[in-house]
Protein chains: 2
Amino acid sequence: MDNTLVSDQSTEQRILEAARRVFVVKGFAGARMQEIADAAGINKALLHYYFRSKEKLFEQIFREAFGRLLPGLAEIFSRPLPFFRKIELFTETYISLVIEQPYLPVFVLSEMHRNPDDFFQKHIQPEMLASIRQIGRQFAEAAQEGLIRPIDPRQLMLNIMSLCVFPFVGRPMLQRMMQVNDTEYQQLMEARRQSVSAFIIQAIQP
Amino acid sequence: MDNTLVSDQSTEQRILEAARRVFVVKGFAGARMQEIADAAGINKALLHYYFRSKEKLFEQIFREAFGRLLPGLAEIFSRPLPFFRKIELFTETYISLVIEQPYLPVFVLSEMHRNPDDFFQKHIQPEMLASIRQIGRQFAEAAQEGLIRPIDPRQLMLNIMSLCVFPFVGRPMLQRMMQVNDTEYQQLMEARRQSVSAFIIQAIQP
DNA sequence: GTCTATAGTTAGATAGAC
DNA sequence: GTCTATCTAACTATAGAC
């Protein structure tokens, strides 16, 4: 792990950044307050001074990570654009987002896995669910109008999410299985910005 | 002596089964030896009697889980079958496998995420890598022969793996986002056995 | 706000009786 | 083989000086 000190920020910011780095790699249970303190270049006691408990510190990190993972994406599907263009824009935006924050998905997924309903109730707003339903309706309409072939809209949604997210979640395994080095893998991810939407669009052509 | 309950299994087997259940949900760091002992209906000390340490017990569970995740799948691509049939067979087999062991992928992925090279060296045999390269070559050939459209074989491999695995890895999130209940989600996974290969095959048509 | 020192808990591992 | 009791280390959290 990268243990470089985070400096020229307020102590609170340094703690948050350090906590992010540690939690995201080790998870809640695996993270140690001492390690976060070291990474922030401060003392353990100060962590509690700023954030009362490990739990509370984690909450803040998780909430923030989760918030970054979806917002603005649903919005794309409400724009007045051709259907296929929306898919292009969505996949490009999503993949770009995750290229910049590659640890986010596996962090959110594995923490959620341990405590699904709890985390979900805490962090998912009803509006988000509404906009997801809205996307589903658009898929269904497109199929009905013959714009795309008949396909269960939920399957289409699963397929799109899978193609965007999994190469990042599964990277430690996939990269080693495919025996490519870091640079090559990053290039593959760059290329996916275009190739994934092409793949999807051909797959749903009538 | 014969104080065993329902279980006609050996103590060792009961421990392994309990450990599997606990590790798979909580991960190595989150799991507690006490919880495993409780789940197995035995004492903490007995865990150490059978498996020296938490580390060793975990090793055994992880090795086994990992072993179940790929084997036999690479073999499909060495059979004398039409190319598209191989893809069908692969996705069907994979999805069926994961339907039966839905916790496997996220367990393997999140543990691997914390310690990639270590785990990889311990658990990946060179033959597996060879057969993966072999699959890659088949993709490349199919593209060259014009059987499928030009596509980077590595991207195709990423796409196939993503479509098969992610809906299981991401289930806690996806299911809640899409607001479907357990039964419906299982039905969706059943349906994917067919629909995923159809999706892929159309996407790579020349 | 930041530190040192320490209290309080928990969890992995071992000793020893049966 | 299985148990109870206990040791030891690690970790979260707090007290109190500066």
Side-chain angles (χ1 to χ4, degrees), chain A residues 1 3-63 107 110-111 114-115 118-119, chain B residues 1-63 107 110-111 114-115 118-119 122:
Chain A
M1 146 143 23
N3 274 324
T4 43
L5 282 174
V6 191
S7 46
D8 81 309
Q9 290 172 319
S10 74
T11 302
E12 186 168 342
Q13 280 307 311
R14 293 219 314 280
I15 293 176
L16 283 171
E17 206 171 309
R20 203 173 301 133
R21 288 215 303 264
V22 176
F23 278 136
V24 146
V25 176
K26 310 255 171 123
F28 176 77
R32 297 290 164 252
M33 294 296 265
Q34 183 63 61
E35 192 175 352
I36 295 173
D38 292 347
I42 53 127
N43 191 280
K44 238 186 352 171
L46 216 45
L47 292 182
H48 289 91
Y49 175 80
Y50 280 95
F51 303 89
R52 274 185 57 82
S53 71
K54 183 182 179 183
E55 192 78 45
K56 291 227 191 300
L57 179 53
F58 179 81
E59 268 302 309
Q60 194 139 333
I61 301 295
F62 186 86
R63 187 183 312 272
F107 171 60
S110 56
E111 291 304 325
R114 321 242 150 122
N115 224 338
D118 191 22
F119 277 136
Chain B
M1 273 279 70
D2 188 30
N3 56 358
T4 54
L5 331 158
V6 249
S7 182
D8 54 344
Q9 296 172 314
S10 70
T11 302
E12 186 168 342
Q13 281 307 312
R14 293 219 313 280
I15 293 176
L16 283 171
E17 205 171 309
R20 203 173 300 134
R21 288 210 303 266
V22 176
F23 277 135
V24 147
V25 177
K26 310 256 172 122
F28 176 77
R32 297 290 165 252
M33 294 295 266
Q34 185 62 61
E35 192 176 353
I36 295 174
D38 291 348
I42 53 126
N43 190 279
K44 233 187 355 170
L46 216 45
L47 293 180
H48 289 90
Y49 175 79
Y50 279 96
F51 303 90
R52 274 187 59 83
S53 72
K54 184 184 180 182
E55 193 79 45
K56 290 226 192 301
L57 178 54
F58 178 80
E59 269 301 311
Q60 194 139 334
I61 301 296
F62 186 85
R63 188 184 310 273
F107 170 59
S110 56
E111 290 305 323
R114 320 240 151 121
N115 222 339
D118 191 23
F119 278 137
K122 272 190 205 154

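Order of the sequence lines fixes the chain letters, A, B, ..., with proteins taken first and strands second; residue numbering starts at 1 for each chain.
Screening residues 43-52 of chain A for side chain to side chain donor-acceptor pair (under 3.5 Å) gives no qualifying pairs among residues at least two apart or on separate chains.
The two atoms that bring Ile61(B) and Leu16(B) nearest to each other are CD1-O, 3.6 Å, heavy atoms only.
Remark: Glu59(B) pairs with Arg63(B), Phe119(B), Lys122(B), His123(B) by the side-chain contact (heavy atoms from CB on, under 4.5 Å) rule, at least two apart or across chains. Scored by the side chain to side chain donor-acceptor pair (under 3.5 Å) test, Glu17(B) finds Gln9(B) as partners (sequence neighbours excluded).
Rounded to a whole Å, the CG atom of Leu47(A) is 14 Å from the P atom of dC11(D). One can place NZ of Lys26(B) at 15 Å from C1' of dT10(C), the figure rounded to the nearest angstrom. If you take CZ of Phe51(A) and P of dT14(D), they are 15 Å apart, rounded to a whole angstrom. Atom CD of Gln13(B) and atom C1' of dG1(D) are 16 Å apart (whole Å). Rounded to a whole Å, the OH atom of Tyr50(A) is 17 Å from the P atom of dT14(D). For the pair Leu46(A) CG and dA13(D) P, the interatomic distance rounds to 15 Å; values are reported in whole Å. Put simply, CD on Glu12(B) is 15 Å from C1' on dT2(D), counting in whole angstrom units.
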Which protein N or O atoms sit under 3.5 Å from an N or O of nucleotides 12-14 of chain C?
from    : atom 1 : to       : atom 2 : distance (Å)
dG12(C) : OP1    : Ala31(B) : O      : 3.4
dG12(C) : OP1    : Lys54(B) : NZ     : 3.1
dG12(C) : OP2    : Met33(B) : N      : 2.9
dG12(C) : N7     : Lys44(B) : NZ     : 3.4
dA13(C) : OP2    : His48(B) : NE2    : 3.0
dA13(C) : OP2    : Lys54(B) : N      : 2.8
dA13(C) : O5'    : His48(B) : NE2    : 3.4
dA13(C) : N6     : Lys44(B) : NZ     : 3.3

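From Ile15(B), atom CD1 reaches atom CD1 of Ile42(B) across 4.0 Å, with rounding to the nearest 0.5 Å.
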For residues 18-37 of chain B, please give each side-chain donor-acceptor pair under 3.5 Å, one per line with the distance, not counting sequence neighbours.
from     : atom 1 : to       : atom 2 : distance (Å)
Arg20(B) : NE     : Glu64(B) : OE2    : 3.1
Arg20(B) : NH2    : Glu64(B) : OE2    : 3.3
Lys26(B) : NZ     : Glu35(B) : OE1    : 3.2
Lys26(B) : NZ     : Glu35(B) : OE2    : 3.1
Arg32(B) : NH1    : Ala29(B) : O      : 3.1
Gln34(B) : NE2    : Asp38(B) : OD1    : 3.0

